K.L.:
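Here you go, one structure.
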Amino acid sequence: MLLLSSTALTLLVAAASISLVGATIDPLSWDEAYTKAEIIVSKMTVEQKVSITTGVGWQNGLCVGNTYPTTNPDFPALCLQDAPLGIRLANNVTSGVAGINAAASFDKKAIRARANYMGKEFRGKGAHVQLGPAMNFMRSPLSGRGWESGGEDPYLIGVLASETIKGIQEQGVIATAKHFLLNEQEMNRHLSSSDVDARTLHEIYLWPFARSVEAGVGSIMCSYNLANGTYACENDYLLNTVLKGELGFKGFIHSDWGATYSTAESANGGLDMTMPGDITMGSGGSFFGKNLTDAVKANQVSEDRTTDMAMRIVATWFKMKQDEGFPEVSLNSFDLENSPYVNVQEDHNILAREIASASNVLLKNVKNTLPIDPTKTKKISIIGSDAAVDPSTLNCRNHACTGGTLAQGWGSGTAYFSYLIDPLTGLTEAFGDNVQVQTSLNDWDLKEAAETAKDSDYAFVFSNSNSGEEADVAGNMGDRNNISLWHNGDNLIKAVADANKNTIVVIHSVGPVLMPWIDHPNIKAVLWPGLPGQESGYSLADIVTGKVNPSGRLPYTIAKKVEDYGAGASISKDLVIPYQEKLLVGYKWFDHAKIEPLFPFGYGLSYTKFNYSQLKVKVNASYGDNKKVVNDATVEASLSIRNGGPVEGAEIVQAYLSFPSSAGSPPKQLRGFEKILLQKGEKGVVEFKFGKTELSIYDAETESWVIPSGQFKLHIGASSRDIRKVAKFTL
Ligand code: BGC
């Protein structure tokens with residue numbers, strides 16, 4: 001957790017551009033919610049309790065997930081709707097940045113603001129549950145759904161999860177932390193078992209879920225896969241021992257769509273709701289419903305368990321105050337044309353644009369090529385199919401197609417675009433009438449691309465790389481076949497760079513890509529807007545013209561070659577997937593193996609420069625026997641950051657910890673970050689506070705978190721490989 005000194009705080013509040021959508025709900029405590037739930041659930045029959053745990057079946061309701069209501073006592077049908085980035089299968093909604101971009105902003109306030117507007121829109125459409133945030137890991141750069149979540153680091157994903165959950169639930173909508181657990185690839189997702197040791201489980205994959213529970217998350221979705229040999233949705237250890245026991249989760253666990261594979265095993269294993277309800281999607285019948293009632297009658301499942309299931313669901317509904325005038329469902333997911341007109345967009349385009357520019361990562365900028373002053377520019381060229389919307393593919397089903405500019409991946413984690421401002425539109429408007437814009441949108445006509453680029457002041461060349469869930473897009477079955485650019489991207493970029501000495505490359509991508517052209521002397525700048533959503537073009541123009549100074553940072557490592565990613569690099573075809581790299585996920589592996597990445601985790605340039613100074617550390621610890629055991633500790637650190645460059649800008653100050661060597665931990669791990677906005681010449685103070693959570697390792701033998709004693713190192717820097725200040729402390 002980071003604290004800012006009061007001076008820095010005033011400054012941030014005054015200068016920050018992102019403001020929150022009015023928060024409307026202060027959720028009840030779990031105790032208060034359970035007290036209210038008891039009154040209703042105590043009057044329910046077994047059948048009624050079971051019916052609220054059972055979905056009505058795929059495409060049998062207005063939402064992607066719908067439960068049965070009860071009368072006398074009355075409890076409404078619940079509407080569960082995708083996606084983590086906005087409302088899926090709906091019109092007149094905001095379709096903004098993906099989770100991976102929210103993470104790339106490294107901006108807690110922006111993440112919270114995004115969640116606020118999403119929550120408000122879900123509420124506006126009457127959806128009780130938003131099926132997000134996603135928090136699976138980009139264990140491999142090839143993982144198809146990595147972009148729905150926050151990248152490769154548990155601390156960063158944990159912050160993304162926590163701020164997103166609070167932001168959604170402040171609007172009275174139940175957030176869903178998903179997918180629990182170890183669901184890091186699409187290949188064989190119903191069949192394979194992800195196997196990890198207890199320490200890796202706790203320190204990496206469970207970490208964001210622990211932060212979610214602390215944030216008060218209402219529901220958690222268990223995943224399709226098996227974990228250590230048992231299906232996640234009937235995994236007694238994961239659901240009962242860890243989630244409900246260790247983490248003290250009080251909300252309800254529901255299955256992913258078709259991830260329930262049994263009746264009694266699932267109910268006893270900790271599953272509280274089956275989604276979408278039928279045995280396999282669209283098959284009818286259910287593992288819950290009558291089968292669960294029968295299992296209770298046959299003493300395979302206790303009635304107490306069904307009471308607990310119902311209590312968890314009803315209490316969560318009360319916690320978000322959904323009993324106080326929650327809007328009627330106005331979605332019609334499977335018959336969009338006949339859905340009622342309810343426009344929930346308000347002015348959320350402003351936030352969507354701000355977050356898109358706040359998550360744009362500047363990778364290369366030779367001699368301050370960017371920003372560009374349009375008044376000093378005569379002609380620009382815009383090249384590549386990724387620069388413009390292709391109306392024929394814009395809103396194909398679940399975005400599972402390719403063509404035109406990429407602003408989201410594909411699958412259930414998407415929302416249709418009410419509009420999509422493409423880069424061509426954004427840049428053309430920003431450069432204005434006095435600048436001539438030439439285009440070549442055909443990726444394969446390299447001659448035309450070079451001709452177009454040749455005599456313009458700047459040549460912008462666009463390319464992309466896509467991935468998603470399940471469906472086959474251009475031969476990629478969800479997971480990525482490779483991390484190269486699509487649509488002839490490398491050749492196109494090279495052809496343009498050969499023709500124009502001010503080439504600016506813009507990449508829309510779900511994750512890392514190879515960049516064989518990166519050192520081309522004519523490539524003066526590389527921008528990485530990732531998956532920017534509907535405000536793509538405007539947010540890009542804001543960065544290009546310097547309206548916004550870039551401060552996005554990579555939430556994953558970009559390697560020089562795919563093999564550099566180590567043990568987790570490939571998508572396994574095996575049905576048992578041992579997570580062999582253990583704790584060495586992402587940059588931790590690159591640090592350990594001393595591999596130089598192309599661009600490291602946490603990397604991103606600015607139009608200004610920041611100086612770091614005066615790092616101070618204060619330790620407070622209490623010890624047990626012989627001072628050998630650290631009972632508890634707080635470490636506070638503060639430092640000064642000065643904007644020593646030519647313009648206002650925000651720095652993302654990152655704090656990494658090295659643990660004592662006896663801990664057997666990765667070389668260093670992110671344990672804090674803060675965004676600080678400073679005027680030119682201005683100085684601010686940033687403070688970090690590390691408590692038991694940040695200072696502990698998981699001890700598998702005692703099944704507990706312990707603070708190792710010995711020497712720690714605190715590394716403060718501008719990326720995982722740009723450490724500016726180091727301090728040692730001993731516990
Ligand atoms: C996905 C979930 C999604 C659900 C409902 C599943 O295929 O894995 O993330 O929420 O479908 O659409």
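Each ligand, and each atom within it, is numbered from 1 in the order the structure gives. The model shown is predicted, which means the values in this text are computed figures rather than measured ones.
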K.L.:
Given Tyr419 and Glu535, is the side chain to side chain donor-acceptor pair (under 3.5 Å) satisfied, shown in steps?
P.N.:
CA-CA 9 Å; Tyr419 63 86; Glu535 296 289 324; 2.3 Å; yes
K.L.:
When Thr94 is tested against each of Arg114, Glu121, Gln345 for side-chain hydrogen bond (donor to acceptor under 3.5 Å, both in side chains), which residue passes?
P.N.:
Glu121
K.L.:
Tell me whether Arg145 forms a cation-pi arrangement with Trp147, defined as NZ or CZ under 6.0 Å from the six-membered ring centre and within 45 degrees of its axis.
P.N.:
no
K.L.:
Can you tell me if NZ on Lys582 sees more than 12 non-hydrogen neighbours from other groups inside 6.0 Å?
P.N.:
no
K.L.:
Would you mind listing which atoms of ligand 1 come within a distance below 4.0 Å of any non-hydrogen atom of Arg88?
P.N.:
12 (O)
K.L.:
With a 4.0 Å heavy-atom cut-off (strictly under), which part of Met221 contacts ligand 1: side chain, backbone, both or neither?
P.N.:
side chain
K.L.:
Of the protein's non-hydrogen atoms, which lies at the shortest distance from atom 7 (O) of ligand 1, and what is that distance?
P.N.:
Glu469 OE2, 2.6 Å
K.L.:
Can Arg88 be said to sit on top of Tyr416's aromatic six-ring, NZ or CZ under 6.0 Å from centre and within 45° of the ring axis?
P.N.:
no
K.L.:
Within less than 4.0 angstrom of ligand 1, does Glu148 place any heavy atom?
P.N.:
no
K.L.:
Flag the pair Asp236 / Glu234 as yes when at least one side-chain heavy-atom distance between them is below 4.5 Å, and no otherwise.
P.N.:
no
K.L.:
Which is closest to atom 10 (O) of ligand 1 by heavy-atom distance: Asp82, Asn183, Thr176?
P.N.:
Asp82
K.L.:
Give the residue and atom name of whichever protein heavy atom lies nearest to atom 6 (C) of ligand 1, and the separation in Å to one decimal.
P.N.:
Asp256 OD1, 2.9 Å
K.L.:
Between ligand 1 and Met275, can you find any atom pair, the residue atom being a heavy atom, that is separated by under 4.0 Å?
P.N.:
no
K.L.:
Can you find an N or O of Arg145 that's nearer than 3.5 Å to an N or O of ligand 1?
P.N.:
yes
K.L.:
Numbering the atoms of ligand 1 from 1, which are under 4.0 Å from a heavy atom of Arg189?
P.N.:
7 (O), 8 (O)
K.L.:
Would you confirm whether Thr241, through its side chain, and Leu238, through its main-chain N or O, come within 3.5 Å as a donor-acceptor pair?
P.N.:
no
K.L.:
Using a 4.0 Å cut-off to any heavy atom of Lys178, which atoms of ligand 1 qualify?
P.N.:
2 (C), 3 (C), 9 (O), 10 (O)
K.L.:
Given Ser359 and Asn101, is the side chain to side chain donor-acceptor pair (under 3.5 Å) satisfied, shown in steps?
P.N.:
CA-CA 5 Å; Ser359 56; Asn101 275 60; 3.0 Å; yes
K.L.:
For atom 9 (O) of ligand 1, grab the closest protein heavy atom and report residue, atom and distance to one decimal in Å.
P.N.:
His179 NE2, 2.7 Å
